[in-house]
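Notes follow the structure.
All chains are named by letter (A, B, ...) in the order of the sequence lines, taking the proteins before the strands, and each is independently numbered beginning at 1.
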Number of protein chains: 2
Amino acid sequence: MYEALDRMSSQIAGAPTGTEHVRRQNIALILRSLRTEGPATRTELARRTGLAKATVGTIVGDLRAGRAVSEDESVSSGRGRPGRPVTLTGESIIGLGFEVNVDYIAAVALDLAGTVKLIETRPVTAGHPPDIEQLVGVACEIRDSLIADGHTVVGATIAVPGLVSHDNRTVVWAPNLGWDDVKLASDLEDAFRDPCPTTIDNDANCAALAEASHGISTDSASSLYLTGTVGIGAGIIEDGRLLRGGSGFAGEVGHMPIGDPTSVCGCGRLGCWEASIGLRAMLRGVGMSEHETPVKTATAVAARAERDQGVRDALEDLGRDLGTGIATLATVLNPEVIVLGGYFVPLGEYVVPAAGRVLEERLPSAAMHLPEIRLSSLGIHAAALGAAEGALAGVYAGNVPV
Amino acid sequence: MYEALDRMSSQIAGAPTGTEHVRRQNIALILRSLRTEGPATRTELARRTGLAKATVGTIVGDLRAGRAVSEDESVSSGRGRPGRPVTLTGESIIGLGFEVNVDYIAAVALDLAGTVKLIETRPVTAGHPPDIEQLVGVACEIRDSLIADGHTVVGATIAVPGLVSHDNRTVVWAPNLGWDDVKLASDLEDAFRDPCPTTIDNDANCAALAEASHGISTDSASSLYLTGTVGIGAGIIEDGRLLRGGSGFAGEVGHMPIGDPTSVCGCGRLGCWEASIGLRAMLRGVGMSEHETPVKTATAVAARAERDQGVRDALEDLGRDLGTGIATLATVLNPEVIVLGGYFVPLGEYVVPAAGRVLEERLPSAAMHLPEIRLSSLGIHAAALGAAEGALAGVYAGNVPV
DNA sequence: TGACTTAATTCAAGACTCGTACTAAACCTG
DNA sequence: CAGGTTTAGTACGAGTCTTGAATTAAGTCA
């Protein structure tokens with residue numbers, strides 16, 4: 001697991017490097033090893049990382065002092081002095097993730113060991129989406145209670161359904177929330193009493209990260225996450241890193257001009273992909289109406305499909321359109337794994353086979369590996385979980401002192 | 001210039017970090033600064049990089065000993081002791097790039113200063129494409145002559161028209177050359193008498209790198225290079241890094257299923273993009289025939305277009321199809337700059353305006369910046385130049401000792 | 001000529017990693 | 001149960017690198 005994280009040891013370009021940087025890098029190396037390959041004795045860690053035993057000793061000592069790791073019972077391996085394995089602990093360091101959506105705010109707190117320490121969803125007043133004060137309130141409250149419990153919150157990330165600036169600090173445009181050019185990161189950092197580095201990210205990006213770190217695509221460093229709701233969003237992970245594009249808007253795949261050229265999209269144009277495979281288009285195809293949420297809607301459709309050939313046929317059509325877009329994306333990005341989320345999950349068995357067939361037909365060359373299509377495993381909290389993961393990323397990358 | 005290079009200071013993930021690594025990183029920092037912002041005195045370099053004056057002093061001393069930089073005349077700035085600026089020099093360190101194509105092998109030698117020290121194109125025996133022995137022969141000969149002149153060749157990269165493995169060592173499939181699963185990097189490293197790290201890359205990737213480091217897109221860290229020949233290839237640069245995909249085959253955009261669904265592609269399928277905008281499709285559109293090379297062909301078409309409205313109309317159609325694909329790619333990747341190369345260059349004035357209009361129409365949101373469409377500026381040696389640049393990348397990234 | 005100003009180098013201090021030697025804690029053998 | 005064996009972890013000195021302060025170098029200006 002966590003292979004994607006293994007590649008995250010990037011560093012700020014252009015910064016002078018000194019010996020404290022070396023230490024941070026090696027701390028991160030040990031943390032990643034503990035996370036990726038599990039608890040280990042100091043000697044074992046030295047073997048895994050290539051560091052000298054003495055170095056591992058001092059670093060583990062520091063980490064223990066900072067309560068980032070704890071020492072387990074001695075474990076004898078037959079001969080010789082038994083080792084004392086160390087484990088990542090949830091005692092101290094916490095990454096905090098939130099997802100703001102039209103009808104709820106979700107929160108996840110993740111410790112270094114990858115354990116979810118807190119997970120909750122708060123519905124917001126029906127009718128109108130949450131405003132910034134509401135989010136700030138929830139975020140401060142949850143963060144304060146974690147701190148009161150003795151945790152150190154090393155960062156927070158907010159997942160937002162919309163366009164986020166390249167520096168991950170501003171919500172440029174979130175039509176569903178009615179947010180426009182909101183300097184959310186600064187707002188939150190001001191609201192938090194102590195310093196707490198805060199970033200914003202697109203919800204599909206966060207969900208992609210969640211699947212790559214805790215979900216169904218942990219075995220791959222190059223994956224593509226597609227979420228189906230009314231629109232279609234994507235999170236692209238390339239070599240363990242999120243692909244953001246020049247202004248941070250990469251992955252807005254819903255409006256690729258590859259759908260049925262006669263169908264009208266919500267954006268007013270013709271032929272957008274999501275005009276063919278968005279939730280509404282799916283419902284039109286099967287002749288059903290919308291429930292409260294996309295997933296509930298799709299669950300109802302799946303139930304109907306079980307005994308209605310017409311619905312199954314419509315879903316197969318949908319699968320083919322889905323496959324065309326997936327083939328386009330796979331041709332450009334060459335991911336190893338494609339994860340389908342949102343409303344596609346309940347419809348998986350009806351949609352994925354057709355999509356897979358189109359993908360296979362459209363593969364540019366036999367030499368190219370066929371990406372594997374999988375269904376998301378994380379459900380509603382994917383984005384918040386990925387956000388929490390993102391908040392911890394700095395620690396594992398060696399950019400945040402522990 | 002060279003903004004893309006500024007982001008390249010990545011490092012091998014998972015390697016233990018010691019003090020010699022710190023030194024390499026800081027050496028690279030100074031080299032990048034000299035390249036990006038030009039010659040400077042030690043004090044000026046300290047200011048630019050944030051390093052201590054003493055550190056800059058010792059590093060510059062080492063670089064001078066290794067003949068990577070040289071000291072210029074003293075330059076007085078009014079008051080005080082005049083500084084002695086140092087400049088990157090071409091005396092010693094060289095990156096070597098080759099491009100193998102159907103009818104030629106091109107070579108470029110690039111020094112640290114970014115000066116082209118050698119550039120040549122060798123036609124190969126007409127009729128059949130070069131074989132591996134031929135390439136090995138040329139590469140060894142050119143490398144030996146550079147070494148004889150006192151240069152140190154720090155690496156070589158070969159640009160190949162085809163699929164290259166993710167580790168950049170094997171040509172998986174190059175149909176035009178008739179190469180199939182060739183372990184080219186190892187073959188060359190064996191043939192070079194002294195050690196010379198050698199990598200292989202796709203020709204469009206190399207050309208993209210060339211444009212980003214020496215060409216028309218040096219001002220951007222996120223660019224997309226599209227080359228038009230019989231097929232359509234792409235090189236994607238994201239945050240200064242080439243996007244390679246899970247198995248290294250990213251950018252095979254020619255077979256995206258977004259073209260006219262009735263036109264047959266060379267690969268046998270229908271609707272591939274290159275079946276609509278490849279060289280042959282363009283020629284069918286304007287009713288002309290092929291010359292020796294795509295660029296010569298396109299030049300002839302451009303000449304005809306000057307006085308033939310029918311040709312201009314056909315090219316405008318082509319531009320729209322080009323624009324559709326560009327819109328698709330821009331929606332997914334959100335590049336700042338799109339560079340058109342290959343046969344598109346001579347036809348720029350007839351094709352780009354239509355493509356730009358489609359792109360503008362198809363932009364997912366007004367908040368998204370419109371990528372700028374530019375024409376390649378480097379001509380036939382782009383790929384070899386980019387390959388040479390790639391061979392030097394390790395030096396600027398601090399991965400190669402100087 | 002002497003004061004000033006800025007550039008570059010020297011030097012000692014501090015932060016690391018690393019290999020070696022040494023101590024600690026188990027099991028095994030007779 | 002005592003002594004040997006084996007493996008884990010630590011102490012310590014050496015080596016590398018950055019850094020800030022002090023020092024030296026090389027000009028201009030009055």
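At whole-Å resolution of the value, NE2 in A/H21 and P in D/dT19 are 12 Å apart. Between A/E20 atom CD and C/dC16 atom P there is a gap of 7 Å when expressed in whole angstrom units. In this structure, the CZ atom of B/R84 is 13 Å from the C1' atom of D/dT24, given to the nearest Å. Rounded to whole Å, the distance from CG on B/L45 to P on D/dT19 is 14 Å. Spacing between atom NZ of A/K53 and atom C1' of D/dC12 amounts to 14 Å, rounded to whole angstrom units. Rounded to a whole Å, the CG atom of B/D62 is 8 Å from the P atom of D/dC17. Per the geometry, CZ belonging to A/R64 stands 12 Å off C1' belonging to D/dG9, to the nearest Å. The distance between atom CD1 of B/I27 and atom C1' of D/dC17, rounded to the nearest whole Å, is 11 Å.
Using a 4.0 Å cut-off between charged nitrogen and carboxylate oxygen, A/E44 and A/R47 count as a salt-bridge pair. One finds a salt bridge joining B/D62 and B/R23 here, because a Lys/Arg side-chain nitrogen approaches an Asp/Glu carboxylate oxygen to under 4.0 Å. A salt bridge is absent between B/R244 and A/E336: the closest approach of a Lys/Arg side-chain nitrogen to an acidic carboxylate oxygen does not fall below 4.0 angstrom. Contact check on B/D144 versus B/R193 returns a salt bridge, with a Lys/Arg side-chain nitrogen under 4.0 Å from an Asp/Glu carboxylate oxygen.
The shortest non-hydrogen separation linking B/F98 to B/I142 is CE2-CD1, 4.0 Å. Of all heavy-atom pairs spanning B/T49 and B/S33, the tightest one is CG2-CB, 4.1 Å.
Proximity of B/T19 to the phosphate of C/dC16: no side-chain N or O atom is located under 4.0 Å from OP1 or OP2. Of the side-chain N and O atoms in B/N26, one or more sit less than 4.0 angstrom from OP1 or OP2 of D/dT18. Phosphate proximity of D/dT10 to A/R42: present, with a side-chain N or O under 4.0 Å from OP1 or OP2. In this model, the phosphate group of C/dA7 is not approached by any side-chain N or O of B/T41 to a distance below 4.0 Å at OP1 or OP2.
Residue whose closest nucleotide on DNA chain C sits further toward the 5' end, between A/L51 and A/G80: A/L51. Residue whose closest nucleotide on DNA chain D sits further toward the 5' end, between A/E71 and B/R79: A/E71.
Nearest to the side-chain atoms of B/A54 among the listed nucleotides C/dA26, C/dC11, D/dA11 stands C/dC11. Checking C/dT9, C/dT17, D/dT19 against every side-chain atom of A/T58, the shortest atom distance belongs to C/dT17.
The backbone N or O of A/S220 lies less than 3.5 Å from no partner atom in the side chain of A/S222, so there is not a single donor-acceptor pair.
At a threshold of 4.0 angstrom between heavy atoms, the contacts of B/T55 include nucleobase atoms, whether or not backbone atoms are also involved.
Atom-to-atom distance recorded for A/L34:CG and A/L63:CG is 8.0 Å, nearest 0.5 angstrom.
On a pure distance criterion of 3.5 Å, no polar donor-acceptor pair joins the side chain of A/R81 and the base of C/dA26.
Rounded to 10 degrees, the angle between the two end axes of the helix from C/dT1-D/dA30 to C/dG30-D/dC1 is 20°, with five pairs used at each end.
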